There are 2 protein chains.
Amino acid sequence: MTMKNQLEEPPMQPEKTIRLFIADDHELVRDGIRARLEDDPSIEIVGEAANGKQAIERINAANPDLVLLDINMPEMNGFETVEQFRKLGMEQKVLFLSLYDNKEYVRRAKVLGTNGYMLKDVSQAEMIATISKAVQGGFHVTSSLDDCLDNTTSDLPMLTEREQEVLAAIAIGKLNKQIAGELNISVRTVESHRSAIRQKTGGGNAASLAKVASDLGLL
Amino acid sequence: MTMKNQLEEPPMQPEKTIRLFIADDHELVRDGIRARLEDDPSIEIVGEAANGKQAIERINAANPDLVLLDINMPEMNGFETVEQFRKLGMEQKVLFLSLYDNKEYVRRAKVLGTNGYMLKDVSQAEMIATISKAVQGGFHVTSSLDDCLDNTTSDLPMLTEREQEVLAAIAIGKLNKQIAGELNISVRTVESHRSAIRQKTGGGNAASLAKVASDLGLL
DNA sequence: TTGCGCCTCCGTAGAACTACTCAATTGCAC
DNA sequence: GTGCAATTGAGTAGTTCTACGGAGGCGCAA
């Protein structure tokens, strides 16, 4: 367990250009990223997509070193897209780009084995730095999120899958009875989950649970 | 009441450049806008701000023809910023820029007497076109929002102020009892408002009201 | 002045949720 | 196998919300 395998790709020149693929549903944001990075000779933008589906179709042809992936996209969001990558055997490095400094998002990004989480409010310098680091491997977040990293496994609510299902249903206004029907469990079980969710999240009534759900990115 | 006062600034050349001020909390988005507009000789970017407060401080010095204003900004959002403009006697034209195709936002933009509402997913061409139109006056929305315009006064829930206060409180998980205390009204009154809100929005239980509140931009 | 919308308040009945408690089953890790 | 977490289910009591019904005051506009 030495530091050897830190350099898996052997002959890496110091000035090798990074082949970057951008997936974001807003053309405006893509333009912004382009504008920022095109000055930098060490980064080359080799492709774009406006959603996860397009990304999957186009990435292999573009053969990027790193995929800059927005989380909130229509059709297929960033997380789902990465899951698809894995299923299809695509092993590109991924750096998430998101508007939200949401601990749960950061946690999921880490759990998925991606290489970083970057907020959209970063400066040009930090964006370039984070991209460079993500390409090397490991998991990197932009500075304002540093604190999310430490407690990423301990501090967070960490709802179980079932609890997340139930919470998502609660958040869109479903009644316990409906939820029970859809999940094929008894109303009492739904209540049990609900109560567990309340305990873990500190949320009180149904409305505040809805807020929690949206904070957790379950909608 | 002829059309005379439509041209208050008398000698307007056809190719006059538009002096544009950009207020958006994301440097990335500002960069994107810059990148898109800097090719166009008819638009000149004369200033930037990262929030409403900065915008107010800087706009007079920049003397723009049009302010491109993000809605979701920290400290002071776009709507509050415009209200401040008015209080301070600033009469610059305003074009909102937002991520959300939210009818209620469009309605508020219109009610505030601003000159348009542009989604952040517009193309470069449409962005330039909308800016040009907004500078001329009137109220303009980007194409995907056209349908919001017609029913902007009739179709929408149009909650009363009190109802909005109550809804906002519900959405963050407050109990009727708490709300009653804070608004100095009885619990029964809160219930009445709540029931009116349910009727107007179609929302059923508390959780779905929370969702409605967030859709309406009350949080 | 008459009407209308908004805000305020109330009663009753039932549905839904909250707050505690407990426990059987499954599967996974040590 | 023992322990632990996740999922499932239940009892009891109390609180909160929902769905009806009704009514008075106030301001504004036709």
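Computed from a prediction, not measured in an experiment: that's the story for all the values here. By convention in this document, chain letters (A, B, ...) are assigned in the order of the sequence lines, proteins followed by strands, and residues within each chain are numbered from 1. Only heavy atoms go into these numbers, but all of them, side chains included; no hydrogens, no water, no symmetry mates.
Contact between the side-chain N/O atoms of A:T160 and the OP1/OP2 oxygens of D:dA5 is not found at any separation under 4.0 Å. Residue B:R198 has a polar side-chain atom (N or O) positioned under 4.0 Å from OP1 or OP2 of D:dA19. OP1 or OP2 of C:dT8 lies within a sub-4.0 Å distance of a side-chain N or O belonging to B:H193. Between A:N176 and the phosphate of C:dC17, there is a side-chain N or O to OP1/OP2 separation shorter than 4.0 Å. Distances shown here put a side-chain N or O of B:T189 below 4.0 Å from the OP1 or OP2 atom of C:dC9. At the phosphate of D:dT8, neither OP1 nor OP2 sits under 4.0 Å from any side-chain N or O atom of A:S186. Phosphate proximity of C:dT18 to A:S195: absent, as no side-chain N or O sits under 4.0 Å from OP1 or OP2.
A straight line from CG of B:L175 to C1' of D:dC17 spans 10 Å, rounded to a whole angstrom. Between the CZ atom of B:R194 and the C1' atom of C:dC6 there is a distance of 20 Å, rounded to whole Å. Atoms CD1 (A:I197) and C1' (C:dT18) sit 14 Å apart, rounded to a whole Å. Whole-Å rounding puts the A:R162 CZ to D:dT8 C1' distance at 9 Å. In this entry the distance linking CD of A:Q199 with P of D:dA5 reads 14 Å, nearest Å. In this structure, B:E163 atom CD and C:dT8 atom P are separated by 10 Å, rounded to whole Å. The distance from atom CD of B:E165 to atom C1' of C:dC7 is 11 Å, rounded to the nearest whole Å. Rounded to whole Å, the distance from CD on A:E191 to C1' on D:dT12 is 12 Å.
For A:R188, the side-chain atoms get nearest to D:dG11 when compared with the rest of C:dT8, D:dG11, D:dT16. Side-chain proximity of A:K177 to C:dA16, C:dT8, D:dA10: nearest is C:dA16.
With hydrogens and angles disregarded, no donor-acceptor distance shorter than 3.5 Å links the side chain of B:T142 to the backbone of B:M118. The backbone N or O of A:G137 lies less than 3.5 Å from no partner atom in the side chain of A:N115, so there is not a single donor-acceptor pair. A distance-only check finds no donor-acceptor pair linking the side chain of B:S195 to the backbone of B:E191 [under 3.5 Å].
A donor-acceptor pair shorter than 3.5 Å can be found between the side chains of B:S186 and B:T189.
One finds the CE atom of A:M90 at 4.5 Å from the CG atom of A:N60 (value rounded to the nearest 0.5 Å).
Across the interface with DNA chain C, nearest-nucleotide mapping of B:E161 and B:N205 shows B:E161 to be the residue nearer the 5′ end.
As judged by a 4.0 angstrom heavy-atom cut-off over every strand, B:A196 is placed among residues making no nucleic acid contact.
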